[in-house]
Amino acid sequence: PMKGAAPSRDPVEAKEDAIVDLALLDRIKRGDSSALDALYARYSSPVHSLVWKVLQNAEEAEDVALDVFWQVWRQADRYDPSRGGPPAWIFTLARSRAIDRLRARRRREDRTISFDDPQVNLDPLDEETPPDQVASFRQARDNVREVLETLPGAQREAIELAFFEGLTHVEIAEKLKQPLGTVKTRLRQGLIRLRKALD
């Protein structure tokens with residue numbers, strides 16, 4: 001090989017890797033969580049690197065990387081071998097979720113307002129608000145409150161700290177004296193139940 005050129009990958013090793021990946025995905029489809037663990041061990045590092053390059057934020061990159069493998073677990077049956085090997089599918093999911101997170105972050109930043117700005121009206125229920133908007137707001141507020149009450153206490157507490165007090169995942173873990181992974185799981189499970197109930 002030319003000096004400085006990247007070494008070509010052994011075709012036999014590549015074929016063996018593909019066989020292993022396909023077998024793991026097949027087991028994941030059948031609900032084998034140990035197969036997901038194995039796939040995570042194989043690809044978590046490159047997935048995290050890819051996501052971090054898009055987001056440039058360690059905490060968000062960790063969240064999105066975990067979400068990617070959660071999506072693999074839930075949607076393994078959607079994998080289409082005709083469109084590439086399992087790594088290509090996983091990296092496509094990772095890139096897509098990272099871009100979605102980046103867009104969501106930019107939307108949040110665009111919506112950022114100053115509470116000291118006298119031109120900003122923070123009360124959606126003031127006298128000038130049209131009655132239909134008032135009714136819609138109150139209905140949505142009441143729906144969210146009712147669904148929150150149905151969540152297990154730990155999930156509800158994590159969601160309230162994140163969305164009502166604005167704490168990060170790390171800050172919630174410190175406040176509750178719980179492992180970061182536990183807090184993220186509670187938030188994810190709580191939000192899934194919220195979304196299903198509100199839909």
Side-chain angles (χ1 to χ4, degrees), residues 1-2 4-106 151-152 154-155 158-159 162 168-170 172-173 176 178-199:
M2 294 175 57
S8 58
R9 193 173 177 203
D10 184 340
V12 174
E13 287 182 5
K15 188 173 181 179
E16 289 174 353
D17 282 346
I19 291 170
V20 170
D21 291 338
L22 288 168
L24 289 174
L25 273 180
D26 187 58
R27 288 167 53 197
I28 290 171
K29 288 178 189 177
R30 291 183 272 118
D32 185 345
S33 59
S34 65
L36 181 66
D37 292 340
L39 196 73
Y40 180 85
R42 289 168 72 82
Y43 292 108
S44 59
S45 180
V47 163
H48 186 276
S49 296
L50 171 62
V51 169
W52 188 89
K53 285 177 184 176
V54 174
L55 296 171
Q56 299 288 305
N57 179 290
E59 186 177 337
E60 284 191 312
E62 183 183 349
D63 285 347
V64 171
L66 288 171
D67 285 342
V68 168
F69 288 95
W70 175 239
Q71 187 173 357
V72 169
W73 172 253
R74 290 182 295 116
Q75 300 179 354
D77 57 339
R78 295 190 186 181
Y79 167 67
D80 181 359
S82 68
R83 302 182 66 179
W89 179 59
I90 293 169
F91 295 141
T92 298
L93 293 178
R95 184 174 182 278
S96 176
R97 292 192 74 92
I99 290 172
D100 286 346
R101 177 65 71 92
L102 186 62
R103 287 174 178 158
R105 181 206 298 167
R106 287 173 177 166
L151 295 181
Q155 292 177 11
I159 288 174
T168 67
H169 295 173
V170 172
I172 295 170
L176 299 180
Q178 293 287 334
L180 182 59
T182 300
V183 167
K184 290 179 178 180
T185 299
R186 289 176 181 175
L187 280 168
R188 187 172 297 114
Q189 291 174 344
L191 289 172
I192 288 170
R193 293 180 65 161
L194 265 179
R195 187 177 299 118
K196 284 181 179 177
L198 292 172
D199 286 346

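Computed over heavy atoms, backbone and side chain alike; hydrogens, waters and symmetry mates excluded.
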Nearest non-hydrogen partners of [X] and [Y], listed with the distance:
{"X": "K29", "Y": "A76", "answer": "CE-O, 3.2 Å"}
{"X": "L39", "Y": "V72", "answer": "CD2-CG1, 3.9 Å"}
{"X": "E59", "Y": "N57", "answer": "N-OD1, 3.1 Å"}
{"X": "A98", "Y": "L55", "answer": "O-CD2, 3.4 Å"}
{"X": "L50", "Y": "A94", "answer": "CD2-CB, 3.9 Å"}

Quick check for you: to the nearest 0.5 Å, what is the distance between [X] atom [atom1] and [Y] atom [atom2]?
{"X": "D32", "Y": "L25", "atom1": "CG", "atom2": "CG", "result": "11.5 Å"}
{"X": "I28", "Y": "R30", "atom1": "CD1", "atom2": "CZ", "result": "10.5 Å"}
{"X": "Q56", "Y": "L102", "atom1": "CD", "atom2": "CG", "result": "10.0 Å"}
{"X": "R193", "Y": "Q155", "atom1": "CZ", "atom2": "CD", "result": "5.5 Å"}

Worksheet entry | P81 side chain reached by W89 side chain, heavy atoms, under 4.5 Å | no
Worksheet item: Heavy atoms, side chains only, cut-off 4.5 Å: are R186 and P152 in contact?
Response: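 R186 does not reach P152 side chain to side chain.
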Discussion item. Under a 3.5 Å distance rule, please check whether S96 uses its side chain to pair with a backbone N or O of T92 as donor and acceptor.
Written reply: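 The answer is no, because no donor-acceptor pair under 3.5 Å joins these two groups.
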Practice prompt. Given side-chain contact (heavy atoms from CB on, under 4.5 Å), test L187 with I172 step by step and report yes or no.
Written response: CA-CA 10 Å; L187 280 168; I172 295 170; 4.3 Å; yes
Discussion item. Run L180 and E62 through side-chain contact (heavy atoms from CB on, under 4.5 Å) and show every step you take.
Written reply: CA-CA 11 Å; L180 182 59; E62 183 183 349; 4.2 Å; yes
Worksheet item: Which pairs pass ring-ring contact (aromatic ring centres under 6.0 Å, His included) with one or both residues in residues 10-58, sequence neighbours excluded?
Response: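 Sorted pair list: Y40-F69.
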Worksheet entry | Summary of side chain to side chain donor-acceptor pair (under 3.5 Å) pairs that have at least one residue in residues 78-88, sequence neighbours excluded | D80-S82
Worksheet item: Within a reach of under 6.0 Å around CZ of R95, are more than 12 heavy atoms found that belong to other residues, nucleotides or ligands?
Response: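 No, not enclosed.
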Item to complete: Decide if atom CH2 of W70 counts as having more than 12 heavy atoms of other residues, nucleotides or ligands within a radius under 6.0 Å.
Response: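 Open.
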Response to the item:
In short, salt bridge (Lys or Arg N to Asp or Glu O under 4.0 Å) pairs touching residues 35-55 with sequence neighbours left out are D17-R42, D21-R42
Worksheet entry | Criterion side-chain contact (heavy atoms from CB on, under 4.5 Å) on D26 and L22, from CA distance to verdict | CA-CA 6 Å; D26 187 58; L22 288 168; over 6 Å; no
Discussion item. Could you walk me through whether D63 and V51 satisfy the side-chain contact (heavy atoms from CB on, under 4.5 Å) test, starting with their C-alpha distance in whole Å, then the side-chain angles of each, then the deciding distance to 0.1 Å, before giving a yes or no?
Written reply: CA-CA 10 Å; D63 285 347; V51 169; over 6 Å; no
